[in-house]
Amino acid sequence: MTIMENKEFAFKGKCLNGFVMLTLVLLAILGGAALVVFGCLSDDTMTSTVYGVIGVLLVIFGVIGCCGFIMIEPGEARVMMFFGKYRGTYTEAGYHWVHPFISTKKLSLRARNLDAEPIKVNDKTGNPVMIGMVLVWKLKDTYKAMFEIDSQTMAQAGSGTVVVGSPVNIMNALERFVRVQADAALRQVAGQYAYDDGEDGTSSEITLRDGSDEVNKELETRIDERLVMAGIEVVEARINYLAYAPEIAAVMLRRQQATAVIAAREKIVEGAVSMVKMALDKLVTEEIVELDDEKKAAMVSNLLVVLCGDDTAQPVINAGTLNH
């Protein structure tokens, strides 16, 4: 996938201290109002007109200047635009004043969580599974977030009673974009792996259940490829829910139980054979008793029944000889 060029750059225009400009704006408004009042009280027509015009202009400039104040908190950014032209992104926290005719859009650069509800997908073998994930993301490129995707139109479509184009709406629109793309990436990744090993349990392929690190890394890569166009960085992506779909869950549970029982039986038989061999070797080495092939076979059979059986062995005392 082609990575788009980073078109974001820092705002290079004049950005003055907000508190200093607030003082000047208030002085302009109050001074203009005072000149208007003084002009109205003056008996000289020329003086009254001059003071009135100057006072009105000061008030107008003061009111217009009030539109240039912006406040930026840590973890926030302002996208600056001058009559539709992108002029840069400003991220310095504090209270500032910029040209009143520069419009700004506030965006949050803080990390956000997306806890996706489990969805039903088919794994590599075609079995329906329920899979969910948690995603941590944040904005990295404000230009792409504002202009490479239609986030402002999406914000207007979901605005409801909230102010159209507000920061809340824009971030919610980006979150909807992330949710859709993350859902598509999760379906793609889930279809590349089987839920679990095959019936023999000897497969070396990565599975959804056992290959969590590899699967999560693949999921993060796929989501990042889809979100780079929106200037969004994936901090972390991992599967937090995995189960068979309800319609096959009971059958698969019985298969897993049968596989576990077979594996346990294999271990028990392996240990029992080792113990029987050790017992026979011990009898021969220490010459405790001589056994022919028939009696060895009977002894092996009895020992295997005792060692592999689920019930407790019941001893039988032979009161006669070995020949009876």
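Note that the numbering runs from 1 along the sequence shown for the chain. Values below: every heavy atom of this structure, side chains too, minus hydrogens, waters and symmetry copies.
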Taking all heavy atoms of [X] and all of [Y], pick out the closest pair and write down the distance.
| X | Y | result |
| --- | --- | --- |
| Leu186 | Met133 | CD2-CG, 4.2 Å |
| Phe177 | Ala230 | CE2-CB, 3.7 Å |
| Tyr86 | Lys7 | CE2-O, 3.8 Å |
| Ala111 | Lys138 | CA-CB, 3.8 Å |
| Ala28 | Leu58 | O-CB, 3.5 Å |
| Ala194 | Thr125 | CB-CG2, 3.9 Å |

When you compare the side chain of [Y] with that of [X], does any pair of heavy atoms fall below 4.5 Å?
| X | Y | answer |
| --- | --- | --- |
| Tyr193 | Thr207 | no |
| Val228 | Ile232 | no |
| Val79 | Phe147 | yes |
| Lys105 | Ile170 | yes |
| Thr91 | Phe11 | no |
| Asp183 | Arg179 | no |
| Ile149 | Lys144 | no |
| Met171 | Lys106 | no |

Looking at [X] and [Y], would you say the former's side chain and the latter's main chain have a donor-acceptor pair under 3.5 Å?
| X | Y | answer |
| --- | --- | --- |
| Glu233 | Lys140 | no |
| Asn113 | Val136 | no |
| Asn216 | Ser212 | yes |
| Asn122 | Val129 | no |
| Asp115 | Val134 | no |
| Asn172 | Val168 | yes |

Going from [atom1] on [X] to [atom2] on [Y], what distance comes out if it is rounded to the nearest 0.5 angstrom?
| X | Y | atom1 | atom2 | result |
| --- | --- | --- | --- | --- |
| Arg226 | Gln188 | CZ | CD | 5.5 Å |
| Asp123 | Arg209 | CG | CZ | 12.5 Å |
| Leu208 | Ile131 | CG | CD1 | 5.0 Å |
| Thr89 | Met80 | OG1 | CE | 8.5 Å |
| Leu139 | Glu8 | CG | CD | 9.5 Å |
| Lys85 | Ile102 | NZ | CD1 | 11.5 Å |

| said: For Arg222, is the CZ atom crowded, meaning more than 12 foreign heavy atoms sit under 6.0 Å from it? | reply: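 More than 12 within 6.0 Å, yes.
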
| said: Does Arg238 have more than 12 heavy atoms from other residues, nucleotides or ligands lying within 6.0 Å of its CZ? | reply: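 Open: at most 12 neighbouring heavy atoms sit under 6.0 Å from CZ of Arg238.
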
| task | Just jot down the ring pair (Phe, Tyr, Trp, His ring centres under 6.0 Å) partners of Phe38, sequence neighbours excluded, or say none. | result |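 By the ring pair (Phe, Tyr, Trp, His ring centres under 6.0 Å) rule, Phe38 matches Tyr51.
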
| Is there a side chain to side chain contact (heavy atoms under 4.5 Å, CB included) between Val59 and Leu35 once you walk through the steps? | CA-CA 10 Å; Val59 172; Leu35 287 176; over 6 Å; no

| field | Step-by-step side chain to side chain contact (heavy atoms under 4.5 Å, CB included) determination, Met130 to Tyr244 | value | CA-CA 6 Å; Met130 300 296 296; Tyr244 280 113; over 6 Å; no

| message | Side chains of Arg176 and Gln181: any donor to acceptor distance under 3.5 Å? | response |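 Side-chain D/A pair, Gln181 to Arg176: absent.
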
| Glu76 versus Ser108, side-chain donor and acceptor atoms under 3.5 Å |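 No.
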
Say whether [X] and [Y] are linked into one hydrophobic cluster, either directly or through other cluster members, by side-chain heavy-atom distances under 4.5 angstrom.
| X | Y | result |
| --- | --- | --- |
| Leu114 | Val234 | yes |
| Phe19 | Met21 | yes |
| Ile223 | Val178 | yes |
| Tyr95 | Leu24 | yes |
| Met81 | Tyr90 | no |

| request: Check the pair Leu26 / Leu22 against side chain to side chain contact (heavy atoms under 4.5 Å, CB included), numbers first and verdict last. | output: CA-CA 6 Å; Leu26 291 177; Leu22 178 61; 4.3 Å; yes

| message | Between Arg112 and Glu175 (salt bridge meaning N to carboxylate O under 4.0 Å), is one present in this structure? | response |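 Salt bridge: yes.
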
| said: Checking side-chain contact (heavy atoms from CB on, under 4.5 Å) between Val50 and each of Thr47, Ile54, Val53, which is the one that passes? | reply: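 Answer to the side-chain contact (heavy atoms from CB on, under 4.5 Å) test with Val50 among Thr47, Ile54, Val53: Ile54.
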
Taking only distance into account, with no hydrogens and no angle test, what donor-acceptor pairs under 3.5 Å do side-chain atoms of residues 64-74 form with protein atoms, sequence neighbours excluded?
unit_1 : atom_1 : unit_2 : atom_2 : d
Glu73  : OE1    : Arg110 : NH2    : 3.3

| said: Cys15 vs Trp97, test: side chain to side chain contact (heavy atoms under 4.5 Å, CB included). Steps then yes/no. | reply: CA-CA 6 Å; Cys15 191; Trp97 185 90; over 6 Å; no

| query | Can we call the ring centroids of Phe101 and Phe82 under 6.0 Å apart? | reply |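 Phe101 vs Phe82: aromatic centres not under 6.0 Å.
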
| task | Could you tell me if the ring centre of Tyr143 sits under 6.0 Å from that of Phe9? | result |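 Aromatic pair excluded; centres sit 6.0 Å or further apart.
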
